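Below you'll find the structure, written out as structure tokens, and then a few comments.
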Amino acid sequence: MKKRLQGILQETFKSLGISFSGVDIELPKEESHGDLATPVAMSLSKTLKKPPRKIAEEIIHSISEKDTFEKIEIAGPGFINFTFSKAYLYSEMKALMRDGLVFLRSDIGKGKRVQVEFVSANPTGPLHLGHGRGAAVGNALSNLLKAGGYKVEKEFYVNDAGRQVRLLGMSVFAKYKQLSGMDYPFPEDGYRGDYVEELAKELKIAYEEQFLKMEFDEVAETFIDSSYKKMLALIKKDLEDFGVYFDSWQSERGLYEEDEVQQAIKDLKERGYIYEKEGATWFTSTSFGDDKDRVIIKKDGEYTYFAPDIAYHRKKIEKKFDELIDIWGADHHGYIPRIQAVIQALGYPKESLRVLLVQIVSLLRGGKPVQMSKRAGEFVTLKEVVEEVGADTTKFIFLTRRPDSHLEFDLEVAKAQSAENPVFYVQYANARINSIFAHAKEQGIDVDKLKNTDLSLLNTHEELRIIKKLLAYPMVFEGAVIAHEPHRITFYLQELAGIFHPYYHKYKVVTADMNLTLARLALCEAIRIVLKDGFEILGLSAPERM
RNA sequence: GCGCCUGUAGCUCAGUUGGAUAGAGCAACUGCCUUCUAAGCAGUAGGCCAGAGGUUCGAAUCCUCUCAGGCGCGCCA
């Protein structure tokens, strides 16, 4: 639809001798403003030194392919509003049904390789709701980009080295001793969740009392490794239950083992971005706009957490992806300048890495904040939320908001709404269509004949409105891919369902009039194709009956 | 103190990167099941887009300032 108009306008401009690249075409909000509109006459008014309406007139006058349109109007301060002819709409709808995804999606990525890194939670405890938001957004974004012609790799960075997993091991060790009645101090900032006790119990069963007399350092490896591995397995399981799968799990330890950390520092040193001061090793991130230089090797010889992060991003960028996307919790936004400094120090443009911030989720129950204290180990996990309100609902709530908006997730509202929840509203449209088809089959209608249906029988206002909405999908899709914004798809689906349900209520699809029935079934089929594509991108299920 | 994010209907949020008379869903009120699914439909009501300036044909959107909330500013991760 848009492409066609673009082509026509391009030609028109040529014949008028006006050079104008990238004609702005938009979907008007108001139905009376036609199917597509362009404000181009207004933008040209200054350079051409003519009033916009006059320019619009000239443009309209020079359009050769009048058959495509039912009418072309000048409106308001100089908009040109295009209303497509029915014949054109039917032919496009036919193309949609024939070509399916080829019609709906467009190849924006052109095979470009992009890596999306998300969740990357420390394997020291279960995922919480904030991770869930990252998971839902990262997954939908990956699907969206894939649908838009990118080759996408989804990666989870596993912090399996360093202080945090060690602390987990120590916590489990302390619990292990305490379980045997020993008076053993729990680490200062240790992990206190119930899962720590579970891990300790499992180790006690496996090793009985053989470590009781030992110090932590003697058994550190056993306790750390078995603990974080179990947590990681749990995280993986929770993500799978949430419908999120990764292509790659990059281990932080692996970076040390493969000498990547050392190499990365050496690399930066050779480039002249490393210096020693007060016994520590520093990276000159201020050369690239960071507030201060950052320590990468401490006075005591230990690496800071930043060192493996440097190595990790160096490794990523040297894999030569065309685009790197990191999805972080907004509380980490302060790290953006230093990571981008790394990117630049390694000789790549800042834009090679795109950091998408996902804002904090505050969890409420009945309007009251749910108290969460990580230190005391009291927090609601993603798993619990998914069990309580459902995976589709949870995802949908995340995907009906911009990632950078602060989000209030009220468990009661999410559940109480469940009867009239937007996600069900959209899924219900799909279920209804399935049910229509089931009914049609029962009536002995040959559902496979839809391809040759006479679509011109679809000429009520509601039907034309639906067809136009379907034909707008490629524009919405394209916009979503370019902007990297899956939530646009969510809103589109709600709008589509929002015109299907009234239609369903007002008209019967399966009637005695066979040709009309087939035409309406074709319309339903087209809706189903689009809904299904949207569900797939958002990672939602498409239940056949509800 | 500095930096980032946010501020739109009673509540939760959109607003097509600057377009036309700012939109949904909840909640409230009035109606609709003998029909392909009522997880639905029809209707009513709800707004100083936090505030003040500026930029221009045109601002919720861009710039400056103010106010409010959130989050960051370690040789912690």
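In what follows, chains carry the letters A, B, and so on, assigned in the order in which the sequence lines appear, proteins first and then strands, with residues in each chain numbered from 1. As the structure is a prediction and not an experimental result, all values here were calculated from the model.
The distance between the ring centers of A:Y275 and A:F283 does not fall below 6.0 angstrom. Ring centroids of A:F398 and A:H487 are separated by 6.0 Å or more, keeping the two rings apart.
Judged as a side chain to side chain donor-acceptor pair (under 3.5 Å), the pairs with a partner in residues 332-341 of chain A (not counting sequence neighbours) are, in order, A:Y305-A:R338.
The glycosidic torsion of B:C33 lies within 90° of 0, placing the base in the syn range.
At a threshold of 4.0 angstrom between heavy atoms, the contacts of A:P39 include nucleobase atoms, whether or not backbone atoms are also involved. Base engagement by A:A75 is indicated by at least one non-hydrogen atom pair under 4.0 Å involving a base atom. Looking at heavy-atom distances under 4.0 Å, A:I397 makes no contact with the nucleic acid at all. Within the 4.0 angstrom heavy-atom criterion, no nucleotide atom of any strand lies near A:A480. When heavy atoms are screened at a 4.0 angstrom cut-off, A:N81 is found touching base atoms of the nucleic acid. Within 4.0 Å (heavy atoms only), A:A438 reaches no atom of the nucleic acid at all. Among the protein residues, A:F79 comes within range of the nucleic acid bases, having at least one heavy atom under 4.0 Å from a base atom. Nucleic acid contact class of A:S405 (heavy atoms, under 4.0 Å, all strands): sugar-phosphate only.
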Under a 4.0 Å heavy-atom criterion, the protein footprint on nucleotides 67-77 of chain B, written with B, S and -, is --B-BSSSBBB
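Applying the 4.0 Å criterion to OP1 and OP2 of B:G15, one finds that A:R488 has every side-chain N and O outside that range. Remark: A:Y492 is not in phosphate contact with B:G15, judged by side-chain N or O atoms under 4.0 Å from OP1 or OP2. The phosphate of B:U12 has neither OP1 nor OP2 within less than 4.0 Å of any side-chain N or O from A:R401. In terms of phosphate contacts, A:R402 brings a side-chain nitrogen or oxygen within less than 4.0 Å of OP1 or OP2 of B:G15.
Taking atom C1' on both B:G23 and B:G15, the two are 7 Å apart, rounded to the nearest angstrom. Using atom C1' as the reference point in both B:A20 and B:U64, the two lie 28 Å apart (nearest Å).
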Given Watson-Crick or G-U pairs with both distances under 3.5 Å, what dot-bracket string fits RNA chain B, with | for other-strand pairs and [ ] for crossing?
(((((((..((((.....[...)))).(((((.......))))).....(((((..]....))))))))))))....
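Here the C1' atom of nucleotide B:A39 and the CD atom of A:E544 are 17 Å apart, to the nearest Å. Taking atom CG of residue A:D410 and atom C1' of nucleotide B:A27, one finds them 13 Å apart after rounding to whole Å. In this structure, the CZ atom of A:R545 is 12 Å from the C1' atom of B:C36, given to the nearest Å. Here the C1' atom of nucleotide B:C26 and the CG atom of A:L407 are 15 Å apart, to the nearest Å. Look at NZ on A:K415: it is 17 Å from C1' on B:A39, rounded to the nearest Å. To the nearest angstrom, C1' of B:A20 lies 14 Å from CG of A:D24.
Using a 4.0 Å cutoff on non-hydrogen atoms, the parts of residues 506-515 of chain A near RNA chain B are A:Y507, A:K508, A:V509, A:V510, ordered by number. Taking every heavy atom of residues 26-37 of chain A and every atom of RNA chain B, pairs under 4.0 Å involve A:E26, A:L27, A:K29, A:H33, A:A37, by number.
Residues passing the ring pair (Phe, Tyr, Trp, His ring centres under 6.0 Å) test with A:H484, sequence neighbours excluded: none.
Set against B:A14, B:A42, B:U12, the side chain of A:E408 has B:U12 as its closest nucleotide.
Stacking of A:R528 on the aromatic ring of A:F437 is recorded, both the 6.0 Å distance cut-off and the 45° axial limit being met.
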